[in-house]
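Chain identifiers are assigned alphabetically (A, B, ...) following the order of the sequence lines, protein sequences preceding nucleic acid strands; residue numbering begins at 1 within each chain. This structure is a prediction, so every number in the text was calculated from the model and none was measured.
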Amino acid sequence: MEEYTFRPSTDSLDDPPNSRLFLVTSKSIAEDVIREHFSIYGEIQDIWVVKDKQTKESKGVSFVKFAKSSQACRAMEEMHGKCLAEGTKPIKVFIAQSRASGSHRDVEDEELTRIFVMIPKSFTEEDLKETFKEFGDIEYCIIIKNKTTGESKGLGYVRYQRPSQAATAIENCDKTFRAILAEPRNKNVSSENEYFGNSRADHGVNDPGMSAYPFDGSNYSMGDVRGADIITRCLMVSSRASITQEQLYGLFDLIPGMEYCEVQRDPYGFSKGQAMIRYNNLGSAIYAKEKLHGFEYPPGNRLAVSYVDDGEDRSSPVGKMAMQLVAAQMMSMVWSGPAGAQLMKTGAGYPPPAIPQIPRVQTDVALPPPKKMAPSDSRVKERLFVVFNPAPLPVDVLEDVFCRFGALLEVYLVPGRNVGYMKFAERKSATEAMAALHGKVVNGVKMKVMLADPPKEESHKRQRTY
DNA sequence: CGACGGGACGC
DNA sequence: CGACGGGACGC
């Protein structure tokens, strides 16, 4: 263990980065004079006038620690070259070198005015400028692109006129941009990089198309549209393997509007492998039939879904034709995707019935309906640690499943491992997701769902500037 | 038992 | 030229 060392709680040396000023003044300038002139720029956490140990005389050097980098930068910009008292020399003001660096070279504006951001691939340089101009005068914006295809890499630089503007952007822009100060271009890779070439650019690890994702239910072709079919809100599900009420409910409830679900039982209480499902609207029933007929659930067990005559009055030929017309339109829409939906909208003269999302998950647990993800700048209140067997589920499936308990912030899969983390903005959402999903199977993948241990406190190598 | 990311610029 | 002190009481 280390010796006990005193760690001040308020100003941790240079936290946040670039929040401390280095002043060169006349030796007659005292702390109170500095405070007088600098406190208007923000919250001063510490002022230290360096003095000779013996004589106690000022060495004409001081440090001023602000709460924020933007405050320190502003003070530097405004105060550099000013005189703090009659007959004293103009002061010099710089951002202090970080204590650890050991260097006493002046920190130049060049290093303080350019930020590096992560942006959507669709962002143009104009988009970038529009987004970041609210924080200050932009000198230029550049997006890093693939040199051959011209495609954006989702990274950009924004150069501001002044350090305080760059600092303000880093402090206040949306967290999803991950804004940090850009490393200066010149002084590049020499010391801390490996000797073997570039590497590190593209680890193409998690290819979603290749992921171990045994069943997604999307490839099963639909049944023919036969005029003789009766179409009802009521469905019969047949399965050779026995399925519990809860499993079936969870599966068919993925389509909104289910109002009845019951597994048929024989006199001994065992499932006969048949169940009745009813939806409160025809569209959902049609959709369920087309999507779940032939669906493998559990994996290897193909479900058969058919319409059941529910005794509803269908005697009117007009009514029957209308229903079948609706059914045919919906199926063509499913076949041809959104374009078909557009055609139908204009062709039929009335808006199509709402089509639920394609069920992407099959699971042995009844899931609540999906909820919105938490805002991306929310604080992480709880993390779940999930172990997958035999292989991780795709991120989009995990988002779909874990978001249903609310406040899901992010899904992170550890590359090359069968584990991942689910970040939540609410503790309750996390614990409810854990209670509902631990030990359960989704798309053939069994999950262990536990509270994550706190991340290991690594040395603050990567400094964040907010 | 399984465990902690992501991001760098043709001079 | 102009660069690194102070000093502490909890889960």
Side-chain angles (χ1 to χ4, degrees), chain A residues 4-11 13-14 20-27 31 45-53 56 58-65 89 91-107 114-119 140-148 153-159 176-189 193 198 200-203 205-206 380 383-392 395 410-423 446-458 462 464:
Chain A
Y4 293 103
T5 48
F6 174 61
R7 289 272 174 276
S9 56
T10 49
D11 74 314
L13 306 172
D14 291 284
R20 198 174 58 129
L21 295 180
F22 170 61
L23 272 58
V24 182
T25 71
S26 292
K27 296 188 200 309
E31 176 181 328
Q45 296 175 326
D46 188 39
I47 296 179
W48 169 32
V49 178
V50 178
K51 293 170 183 158
D52 183 282
K53 282 263 170 47
K56 302 289 179 65
S58 165
K59 291 161 85 167
V61 163
S62 306
F63 294 91
V64 181
K65 173 71 176 70
K89 67 180 183 186
I91 64 172
K92 296 187 226 179
V93 184
F94 303 94
I95 292 293
Q97 279 284 0
S98 82
R99 241 167 152 134
S101 84
S103 164
H104 287 172
R105 173 185 58 82
D106 293 348
V107 176
R114 194 177 63 142
I115 66 171
F116 182 50
V117 293
M118 303 179 88
I119 50 179
Y140 63 81
C141 291
I142 286 182
I143 286 175
I144 303 173
K145 301 172 184 147
N146 181 310
K147 283 187 270 288
T148 54
K153 292 187 178 173
L155 299 169
Y157 295 99
V158 180
R159 171 80 73 180
T176 60
F177 290 116
R178 300 280 147 128
I180 57 173
L181 270 187
E183 290 293 327
R185 266 194 115 253
N186 323 350
K187 52 163 190 170
N188 220 2
V189 281
N193 260 353
N198 40 33
R200 74 139 53 164
D202 292 312
H203 324 279
V205 183
N206 273 340
V380 178
R383 296 189 314 158
L384 298 180
F385 177 60
V386 183
V387 182
F388 305 96
N389 193 346
V395 169
E410 191 190 12
V411 170
Y412 169 60
L413 293 177
V414 179
R417 321 237 60 146
N418 290 336
V419 301
Y421 296 89
M422 313 295 140
K423 301 181 189 175
K446 182 159 186 178
M447 298 186 296
K448 294 186 193 179
V449 184
M450 294 149 283
L451 291 180
D453 294 336
K456 63 179 179 222
E457 199 93 5
E458 191 85 34
R462 314 259 175 267
R464 287 287 155 79

Please report, rounded to the nearest Å, how far the [atom2] atom of [N] is from the [atom1] atom of [X].
X        : N     : atom1 : atom2 : value
A/Ile144 : B/dG7 : CD1   : P     : 11 Å
A/Lys51  : C/dG6 : NZ    : P     : 11 Å
A/Ile180 : B/dG7 : CD1   : C1'   : 7 Å
A/Ile119 : B/dA8 : CD1   : P     : 13 Å
A/Ile115 : B/dA8 : CD1   : P     : 17 Å
A/Trp48  : C/dG7 : CH2   : C1'   : 14 Å
A/Tyr140 : B/dC9 : OH    : P     : 13 Å
A/Phe22  : C/dC1 : CZ    : P     : 11 Å

A/Tyr421 vs A/Tyr412 aromatic rings, parallel, tilted or perpendicular, using cut-offs 30° and 60°?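 The rings of A/Tyr421 and A/Tyr412 lie parallel, inter-plane angle below 30°.
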Once the angle between the rings of A/Phe22 and A/Phe63 is folded into 0 to 90°, is it parallel (under 30°), tilted (30 to 60°) or perpendicular (over 60°)?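 If you compare the ring of A/Phe22 with that of A/Phe63, the planes turn out tilted.
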Protein-nucleotides 2-5 of chain B N/O pairs closer than 3.5 Å?
residue : atom : partner  : partner atom : Å
B/dG2   : N2   : A/Lys448 : NZ           : 3.0
B/dA3   : OP1  : A/Arg417 : NE           : 3.1
B/dA3   : OP1  : A/Arg417 : NH1          : 2.8
B/dA3   : N6   : A/Asp453 : OD2          : 3.2
B/dA3   : N1   : A/Asp453 : N            : 3.0
B/dA3   : N3   : A/Tyr421 : OH           : 2.6
B/dC4   : N1   : A/Tyr421 : OH           : 3.2
B/dC4   : O2   : A/Arg383 : NH1          : 2.7
B/dC4   : O2   : A/Arg383 : NH2          : 3.4
B/dC4   : N3   : A/Arg383 : NH2          : 2.7
B/dC4   : N3   : A/Tyr421 : OH           : 3.4
B/dC4   : N4   : A/Asp453 : O            : 3.0
B/dG5   : O4'  : A/Tyr412 : OH           : 2.5
B/dG5   : O6   : A/Glu410 : OE1          : 2.8
B/dG5   : O6   : A/Glu410 : OE2          : 3.4
B/dG5   : O6   : A/Lys423 : NZ           : 2.3
B/dG5   : N1   : A/Glu410 : OE2          : 2.6
B/dG5   : N2   : A/Glu410 : OE2          : 3.3

Would the base of B/dC9 count as contacting A/Arg159 through its side chain, where contact means a donor and an acceptor less than 3.5 Å apart?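 Per atom types, no contact qualifies.
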Do any N or O atoms from the side chain of A/Arg417 and from the backbone of A/Val387 form a donor-acceptor pair under 3.5 angstrom?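 Looks like no, no N/O pair under 3.5 Å.
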Under 3.5 Å, is there a donor-acceptor pair between the side chain of A/Arg114 and the main chain of A/Glu183?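 Yes, A/Arg114 side chain to A/Glu183 backbone: donor-acceptor pair under 3.5 Å.
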Base, sugar-phosphate, or nothing for [X], non-hydrogen atoms under 4.0 angstrom?
X        : answer
A/Asp106 : base
A/Phe388 : nothing
A/Lys153 : nothing
A/Ile142 : nothing

Using side-chain heavy atoms (C-beta onward) and a distance below 4.5 Å, is A/Phe388 in contact with A/Met447?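 Yes, their side chains come closer than 4.5 Å.
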Need to verify one output field. Residue with the more 5' nearest nucleotide on DNA chain C, A/Gly60 or A/Ile47?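 The residue closer to the strand's 5' end, by nearest nucleotide, is A/Gly60.
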Anti or syn, where syn is a glycosidic angle within 90° of 0; which label fits B/dC9?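 What B/dC9 shows is an anti base, its glycosidic angle lying more than 90° from 0.
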Start with the C-alpha gap between A/Leu21 and A/Ile95, add the side-chain angles, then the distance that decides, and say whether side-chain contact (heavy atoms from CB on, under 4.5 Å) holds. CA-CA 5 Å; A/Leu21 295 180; A/Ile95 292 293; 3.8 Å; yes
Reported CE-to-NZ distance for the pair A/Met118 and A/Lys153, which is rounded to 0.5 angstrom: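 Separation between the atoms: 13.0 Å.
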